[in-house]
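Proteins get letters first, then strands, A, B, ... in listed order; numbering begins at 1 in each. Just so it is clear, the values below take in all heavy atoms, side chains as well, and ignore hydrogens, waters and symmetry mates.
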Amino acid sequence: MAPKRKRQETGKEKRASKRTKATIVHSEFPKLSEKSAKAASAKGNQTIGTPATYSHWLLKSEPNSRFENGVDMKFSFDDLKSSPNQTACWDGVRNYQARNFLRDQMKLGHDVFFYHSNCKEPGIIGQCKVVKESYPDHTQFDPKDPHYDRTSSKDNPKWFMVDVKYVRPLDKFITLAELKKTHKAHQSSAGPLRNLALFTKARLSVQPLSQEEWDYILKMEHSDES
DNA sequence: GCCAACGTTGGC
DNA sequence: GCCAACGTTGGC
C-alpha cells in the first residue's frame with residue numbers, strides 16, 4: 001500500500017507494559033514519551049485536571065510529492081478518495097503524543113478533518129472518519145521503509161495506526177490563514193478556537209479537537225469570510 | 001530555501 | 001534528571 005504521509009522521528013522509549021486504564025494519569029495532552037509518562041505517573045496520582053478524551057481529530061498530510069529515502073511522502077485528500085474502498089491506513093507516525101492519540105483515543109466512527117500541510121496553501125480540505133481502530137504500523141518492521149524502526153519488534157510494536165475513510169470534501173477549503181486569524185481573535189475574546197492545537201501544538205500531526213472546536217470550524221465552512 | 005519552534009538524544 | 005546539541009516540522 002502506498003505510504004501515507006506522516007512524519008516524525010523515531011526515538012527511544014521504555015514501554016510501559018500492561019497499564020490499566022485506572023492507573024493512567026492523563027494531563028490534557030498525553031505525555032511526550034513513555035518515559036515522561038512514567039515519570040509523571042510516578043509522581044503519584046495528582047491528577048492534572050480531568051483526563052481529556054476526544055472524539056474529533058485533525059490529521060495532517062502532505063499533498064505534494066516529497067521524497068524520503070526514495071519513497072514519496074505525498075498523500076492528498078484525493079489520494080484518500082481514490083484508495084481502495086476510499087480507505088487508507090495512517091502509517092508512518094513517529095511521535096509519541098501523536099502515537100498515543102492513534103493508539104488510545106481514536107475510535108470507530110470518530111470524525112476527522114483532513115489537513116494539507118507543507119504546501120502552498122495549507123488548510124482543511126475535507127472530512128474523513130475512523131473505520132478501524134489502532135493496530136501495529138507495518139512500516140516500522142520494514143528495513144526499506146523510511147519509517148523503519150529497528151528498536152521495535154513484532155512482539156512488542158512501538159508504533160500504531162488507524163484506518164480512515166473518505167467522507168466528503170468541505171464546501172469551502174478552510175485555509176490556515178483563516179484559522180489563524182480566527183484563533184488570534186478568539187484568544188482575545190475567549191472564543192472557541194482560542195486553544196486550537198493547530199497553533200498551540202503546531203508540530204503535532206495527529207491533533208485532537210474539542211466538540212466546540214469541531215462545530216465552530218464546520219460553521220466556518222459556510223461563512224462568507226474569504 | 002530559511003529558520004523558529006520544539007521533540008529527542010545522550011553525556012554528565 | 002538536567003540540558004546542550006542535534007534533528008525535524010512545516011509555515012513563510
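- As rounded to whole Å, 15 Å separates atom P of C:dG7 from atom CD of A:Glu68.
- Spacing between atom CZ of A:Arg66 and atom P of C:dT8 amounts to 10 Å, rounded to whole angstrom units.
- Between the NZ atom of A:Lys201 and the C1' atom of C:dG11 there is a distance of 19 Å, rounded to whole Å.
- Atom pair A:Leu204:CG and B:dT8:P shows a separation of 11 Å (rounding to whole Å applied).
- Atom NZ in A:Lys60 sits roughly 17 Å away from atom P in C:dT8 (whole-Å rounding).
- Ranking C:dC12, C:dG10, B:dC6 by closeness to the A:Lys180 side chain, first place goes to C:dC12.
- Checked for salt-bridge contact, A:Asp137 and A:Arg99 miss the test: no charged N lies under 4.0 Å from a carboxylate O.
- Atom P of nucleotide C:dG11 and atom CD of A:Glu121 are separated by 11 Å, given to the nearest angstrom.
- A salt bridge links A:Lys158 to A:Asp149: at least one charged side-chain nitrogen sits closer than 4.0 Å to a carboxylate oxygen.
- Taking side-chain N and O atoms only, A:Tyr115 has a distance below 4.0 Å to OP1 or OP2 of C:dG11.
- Side chain of A:Arg203, nearest nucleotide from B:dT8, C:dG11, C:dG7: C:dG7.
- Each of B:dT8, C:dG11, B:dC6 was ranked by its minimum atom distance to the side chain of A:Leu176; first place goes to C:dG11.
- For the atom pair CD1 (A:Ile124) and CG (A:Leu59), the distance works out to 11.0 Å, reported to the nearest 0.5 Å.
- Ring-plane geometry between A:Phe173 and A:His116 is classed as tilted, the angle between the planes lying from 30 to 60 degrees on a 0 to 90 degree scale.
- Straight-line distance from the CD atom of A:Gln207 to the P atom of C:dG11: 10 Å, rounded to whole Å.
- Rounded to an integer number of Å, the gap from NZ of A:Lys181 to P of C:dG11 is 19 Å.
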